[in-house]
Amino acid sequence: KRRTIMKWTQLTSLTLCVCFLVISFYSTSQEYQIQAADDWVKQQPLIKTEIPVNQIVDGTYYRLLDTQIKVSAQHPQQRYTRTVMQAVNQTGIDYISQLNLDFDPSYQTLTLNSLGLIRDGQYINKLASAQFKVLQRETELANGIYNGSLSLNIIVDDMRINDQLDYSFTITGRNPIYQHFSASRTLNWSVPVAQQFMRVLWQKPTPLYINTINGEVDIKDTPLAVGHDYQISLHNQATITSSSQTPYWYNPYKQVFFSELKSWQEVANWAAPLYQSAIEVTDPVTLIADEIAMHNPQASDRIAAALKFSQDEVRYLGLEMGTNSHQPTSASETLALRYGDCKDKSLLMVTMLNKMNIKAYPMLVNTYLGNTITDLLPSHNLFDHCVVKVKTKDGRNLWYDPTISNQGGDFTKVSFPNYKAGLVLKKGNEKFDEIKLHYDNSIEITDNYVLEEVGKGATLETSTVYTDAEADAMRS
């Protein structure tokens, strides 16, 4: 492996090598490594550019955003990231002088490739003086999710105004639940970025599909003996400003998407077996389903009862370490634990309904993209939520979210968030469901003034009626 070390003093190369080895040996015991980037990485020289002072946010000017991904059939995936940020004032120093590099130790390794400051044109290596500590921050804990990821916390010393922080790292490995590659990258931002470089070193014989949204971009395609080398290089892209009134699903930013998958049917065929293997109709599950059926002779009431059980008798808690990020817990285990995340609770409801001869399927949605997800390249990592689709005997399609508690209403009008589009997980499914809502979500306020006598006081009676989702919000 080629090791390139930039230096600003007259230290001998022998001293540098010894120091480098000592740091590498020490850091290995701390669940990360420090060593130079591998030879496949293309180092990008920094361009000269003036600071757009009037557009700076948080006192930080982004000099370089560099992402390079190497994918091959024989070796683990590698993602190299290099970032250069300049602190234009004290706020910028506070903002960038402490870093957190996240990785999942169950399937990823972190290698810090470089860490330094550029001051007055000279590079100051900070690998020896910076403070390093591995933390388990669990940033989604407030949402009831444990993902087991770690963060390498780095505190950079002696940083001054106009210094440029230059650091790079490589993440090796990806979640083994994924069978196909996909990646995306935003290409313009709400803050100024001087230089961007995006590269996918595709060393597989299978095709890689590429798509952009909100504009075109020049992609340099270099054929290889096996695969292609795709590169995007951009300088000083125009910034994008979004109104605070913009709908949450609207995305004005130019993005590029890479995917090994050509159709949504491939996504459904990948995900369906993960859920099907977890449908276990054990004695405890059968007992609950039979009890629901006994007390609810009508299919409509059975659907409502299964939903209420999944919502209110199983609390929300996600243990999403490693493959559990996408692999649901078996229905029997979720029932025994009485907790689970969206995919666990949905699968339990599906299992109970199937036991009662009611057609039900898990369905994946994106809570932010809505139906704009259908315009993107197929990928298994575009979804962030799992819900349930029910097909009644009279042909109606109904959708339910088992993660919402204390819902009321008729089974046909149980409120459901307006996710707009969902991918039903059954083999062979090749398109999204268009989700059509059948309720009002209204608040009706009636003010009644009673005047008993002219010239005297009056009585005001206010009646407020909440329906559907608004009623659910009041109950919670």
Side-chain angles (χ1 to χ4, degrees), residues 1-6 33 35-47 64-84 103-104 107-114 166-188 193 195-235 237 254-267 269-270 376-382:
K1 298 177 181 178
R2 176 172 56 85
R3 295 181 177 179
T4 302
I5 301 176
M6 303 176 69
Q33 301 179 24
Q35 67 180 41
D38 288 347
D39 290 341
W40 68 269
V41 173
K42 286 185 174 293
Q43 297 296 337
Q44 301 301 302
L46 298 178
I47 65 172
L64 173 66
L65 300 179
D66 180 358
T67 302
Q68 303 183 42
I69 307 172
K70 180 182 178 182
V71 185
S72 71
Q74 294 78 25
H75 304 286
Q77 177 180 304
Q78 289 187 295
R79 178 187 290 265
Y80 169 85
T81 301
R82 181 186 173 202
T83 304
V84 181
F103 64 103
D104 190 320
Y107 56 84
Q108 292 177 328
T109 59
L110 169 65
T111 302
L112 181 63
N113 301 130
S114 65
D166 185 345
Y167 69 95
S168 62
F169 61 95
T170 300
I171 299 289
T172 301
R174 66 170 182 173
N175 194 329
I177 201 72
Y178 294 145
Q179 299 175 357
H180 303 90
F181 168 79
S182 64
S184 63
R185 167 71 181 268
T186 299
L187 299 176
N188 54 8
V193 179
Q195 184 178 356
Q196 297 183 75
F197 186 69
M198 172 69 180
R199 179 186 182 214
V200 176
L201 184 57
W202 182 252
Q203 297 180 326
K204 298 179 70 173
T206 53
L208 182 64
Y209 302 98
I210 305 174
N211 186 31
T212 59
I213 62 171
N214 300 323
E216 299 296 325
V217 63
D218 290 331
I219 302 177
K220 180 182 177 183
D221 178 1
T222 303
L224 306 173
V226 177
H228 294 257
D229 188 346
Y230 300 102
Q231 298 181 27
I232 299 173
S233 183
L234 300 172
H235 295 167
Q237 291 288 290
K254 185 188 301 182
Q255 289 181 288
V256 60
F257 294 83
F258 300 85
S259 180
E260 198 174 357
L261 298 172
K262 186 178 182 180
S263 68
W264 290 107
Q265 182 177 347
E266 293 177 273
V267 179
N269 289 347
W270 161 78
L376 306 180
L377 275 179
S379 171
H380 33 46
N381 58 11
L382 285 176

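Note that the structure is predicted; figures quoted are calculated from it, not measured.
Scanning all heavy atoms of the two residues, the minimum distance from Ser259 to Pro378 falls at OG-O, 2.5 Å. In this structure, Leu208 and Phe181 approach most closely via the heavy-atom pair CD1-CD2, 3.8 Å. Across every non-hydrogen atom of Gln68 and Lys42, the tightest pair is NE2-O, 2.8 Å. Here the shortest heavy-atom pairing between Arg185 and Phe197 reads NH1-O, 3.4 Å. Pairing each heavy atom of Leu377 with each of Leu382, the nearest pair is O-CD1, 3.5 Å. The two atoms that bring Pro223 and His228 nearest to each other are CA-ND1, 3.8 Å, heavy atoms only.
In the displayed structure, Asp221 atom CG is contacted under 6.0 Å by more than 12 heavy atoms of other residues, nucleotides or ligands. The local environment of CZ in Arg174 is crowded, with over 12 non-hydrogen atoms from other residues, nucleotides or ligands closer than 6.0 Å. Crowding of Glu216 atom CD: a count of heavy atoms from other residues, nucleotides or ligands under 6.0 Å not exceeding 12.
In this structure, the ring of Trp202 has its center no less than 6.0 angstrom from the ring center of Phe258.
Taking OG of Ser233 as the reference point, atom CD of Gln195 lies at 6.5 Å (rounded to 0.5 Å). Between the OG atom in Ser263 and the CG atom in Asn269 there is a gap of 7.5 Å [rounded to 0.5 Å]. Going from atom OG1 of Thr172 over to atom CG of Asp38 covers 7.5 Å, rounded to the nearest 0.5 Å. The structure places CD of Gln33 at 10.5 Å from OG1 of Thr170, a figure rounded to the nearest 0.5 Å. Atom CE of Met198 and atom CG of Leu65 lie 12.0 Å apart (nearest 0.5 Å). Expressed to the nearest 0.5 Å, how far OG1 of Thr81 lies from CZ of Phe169 amounts to 4.0 Å.
For the pair Trp270 and Ile177, the minimum side-chain heavy-atom distance is below 4.5 Å. Residues Thr67 and Arg79 meet the side-chain proximity criterion, which asks for heavy atoms closer than 4.5 Å. Here the side chains of Thr109 and Ile171 are not in contact, with every heavy-atom distance at 4.5 Å or above. Side-chain contact check for Gln203 versus His75: every heavy-atom pair is 4.5 Å or farther apart. With contacts defined as side-chain heavy-atom distances shorter than 4.5 Å, the pair Val267/Leu261 qualifies. Using a 4.5 Å cut-off on side-chain heavy atoms (C-beta onward), Ile210 and Val256 make contact. Under the 4.5 Å side-chain criterion, counting only non-hydrogen atoms from C-beta, Leu201 is in contact with Leu224. Two residues are said to be in side-chain contact when any heavy atoms from C-beta on lie closer than 4.5 Å; Arg82 and Leu64 meet this criterion.
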Requested in this report: Show the numbers, then the answer: is there a side chain to side chain contact (heavy atoms under 4.5 Å, CB included) between Val193 and Gln237?
Outcome: CA-CA 7 Å; Val193 179; Gln237 291 288 290; over 6 Å; no
Query raised in the report: Going through the checks in order, is the side chain to side chain contact (heavy atoms under 4.5 Å, CB included) test met by Ser168 and Tyr80?
Result: CA-CA 7 Å; Ser168 62; Tyr80 169 85; 3.4 Å; yes
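Listed for the Asn188 side chain is a donor-acceptor partner under 3.5 Å among the backbone atoms of Lys254. Distance alone, capped at 3.5 Å, is enough to place a donor-acceptor pair between the Asn113 side chain and the Gln35 backbone. Using a distance-only test at 3.5 Å, with no hydrogens or angles considered, no donor-acceptor pair links the side chain of Gln44 to the main chain of Asp66.
For the 3.5 Å distance criterion, the side chains of Asp166 and Ser114 fail to qualify, holding no donor opposite an acceptor. There is a side-chain donor-acceptor pair under 3.5 Å between Glu260 and Thr206.
Using cut-offs of 30° and 60° on the angle between ring planes, the pair Tyr178 and His380 is parallel.
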